[in-house]
Amino acid sequence: MAVGHLDTDTGRAVFAGLTELRTGRLIEARRADGRTAVYAVDAIKKYEKAVPDREVYGARGRPELRLITCGGSYDRRSGYSGNVVVFAHLVKIREPDGPARTR
């Protein structure tokens with residue numbers, strides 16, 4: 001799971017393009033061991049402030065990734081009205097200088 005801002009007072013932030021992702025798109029995350037985990041997007045869902053705990057944070061039978069940011073309408077006093085969650089699953093691990101190993 002990774003949580004990041006959509007924007008800041010000065011402009012776009014790390015998850016600015018999250019709502020533009022589509023099902024099937026690949027997401028790469030470099031791991032501490034130098035390998036790259038490659039995930040495929042399964043769904044992008046929008047929620048009011050509270051997200052369903054079990055659906056978003058619950059255990060799965062396979063390696064999965066959740067990317068979470070704010071979303072919905074924006075009010076200067078209260079912030080964004082909701083959240084956006086990207087659901088993805090691991091499709092392969094790529095070695096630093098070698099071929100990918102499919103899961």
Side-chain angles (χ1 to χ4, degrees):
M1 175 178 52
V3 178
H5 286 285
L6 181 66
D7 57 11
T8 67
D9 289 338
T10 59
R12 295 168 57 92
V14 66
F15 282 166
L18 211 60
T19 59
E20 298 165 17
L21 288 176
R22 297 292 174 249
T23 302
R25 177 78 185 260
L26 297 180
I27 299 169
E28 297 185 357
R30 190 168 322 170
R31 298 168 25 146
D33 64 5
R35 297 185 297 169
T36 300
V38 181
Y39 298 87
V41 173
D42 297 313
I44 299 96
K45 296 186 179 183
K46 297 176 182 176
Y47 301 99
E48 294 303 317
K49 281 290 186 189
V51 297
D53 288 345
R54 190 170 298 198
E55 182 179 4
V56 174
Y57 304 112
R60 300 286 182 245
R62 63 182 181 175
E64 294 190 354
L65 174 69
R66 301 290 182 266
L67 303 176
I68 304 169
T69 194
C70 46
S73 61
Y74 179 77
D75 178 274
R76 188 174 198 88
R77 285 179 278 153
S78 59
Y80 283 94
S81 64
N83 292 291
V84 175
V85 180
V86 173
F87 295 80
H89 70 279
L90 185 69
V91 293
K92 62 185 167 186
I93 301 289
R94 193 170 56 244
E95 300 298 326
D97 294 311
R101 188 178 82 226
T102 303
R103 274 192 74 83

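Predicted model, so just to flag it, every value in this text is computed and none were measured. Index from 1, following the sequence. Side chains are part of it too, since the values below use all heavy atoms of this structure and drop only hydrogens, waters and symmetry mates.
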How far apart are the closest heavy atoms of [X] and [Y], and which atoms are they?
X	Y	value
Gly34	Pro96	O-CG, 3.5 Å
Arg31	Ala37	CD-CB, 4.0 Å
Ala40	Val91	CB-CG1, 3.7 Å
His5	Thr69	C-OG1, 3.5 Å

Leu67/Val85 under side chain to side chain contact (heavy atoms under 4.5 Å, CB included): CA gap, chis, key distance, verdict: CA-CA 6 Å; Leu67 303 176; Val85 180; over 6 Å; no
Any link between [X] and [Y] through a network of hydrophobic side chains (Ile, Leu, Val, Met, Phe, Trp, Tyr) touching at under 4.5 Å?
X	Y	answer
Leu65	Val3	no
Val41	Phe87	no
Val84	Ile68	no
Met1	Val86	no

Hey, could you give me the [atom1]/[atom2] distance between [X] and [Y], rounded to the nearest 0.5 Å?
X	Y	atom1	atom2	value
Ser78	Lys49	OG	NZ	7.0 Å
Arg62	His89	CZ	NE2	5.0 Å
Arg35	Arg30	CZ	CZ	14.0 Å
Leu90	Tyr39	CG	OH	5.0 Å

Taking distance alone, no hydrogens or angles, what donor-acceptor pairs closer than 3.5 Å link side-chain atoms of residues 8-18 to residues at least two apart or in another chain?
from: Thr8; atom 1: OG1; to: Thr10; atom 2: N; distance (Å): 3.2
from: Thr8; atom 1: OG1; to: Thr10; atom 2: OG1; distance (Å): 3.1
from: Thr8; atom 1: OG1; to: Gly11; atom 2: N; distance (Å): 3.4
from: Thr8; atom 1: OG1; to: Gly11; atom 2: O; distance (Å): 3.4

Using distance only, find each side-chain donor-acceptor pair of residues 20-27 under 3.5 Å and give its atom names and separation, not counting sequence neighbours.
from: Arg22; atom 1: NH1; to: Thr19; atom 2: O; distance (Å): 3.4

Arg66 with Glu64: basic N within carboxylate O range, under 4.0 Å: yes
Any donor-acceptor pair under 3.5 Å from Ser81 side chain to Gly72 backbone: no
Residues, nucleotides or ligands: over 12 heavy atoms within 6.0 Å of Arg54 CZ: no
Residues that Tyr80 engages under side-chain hydrogen bond (donor to acceptor under 3.5 Å, both in side chains), provided they are two or more places apart: Asp7
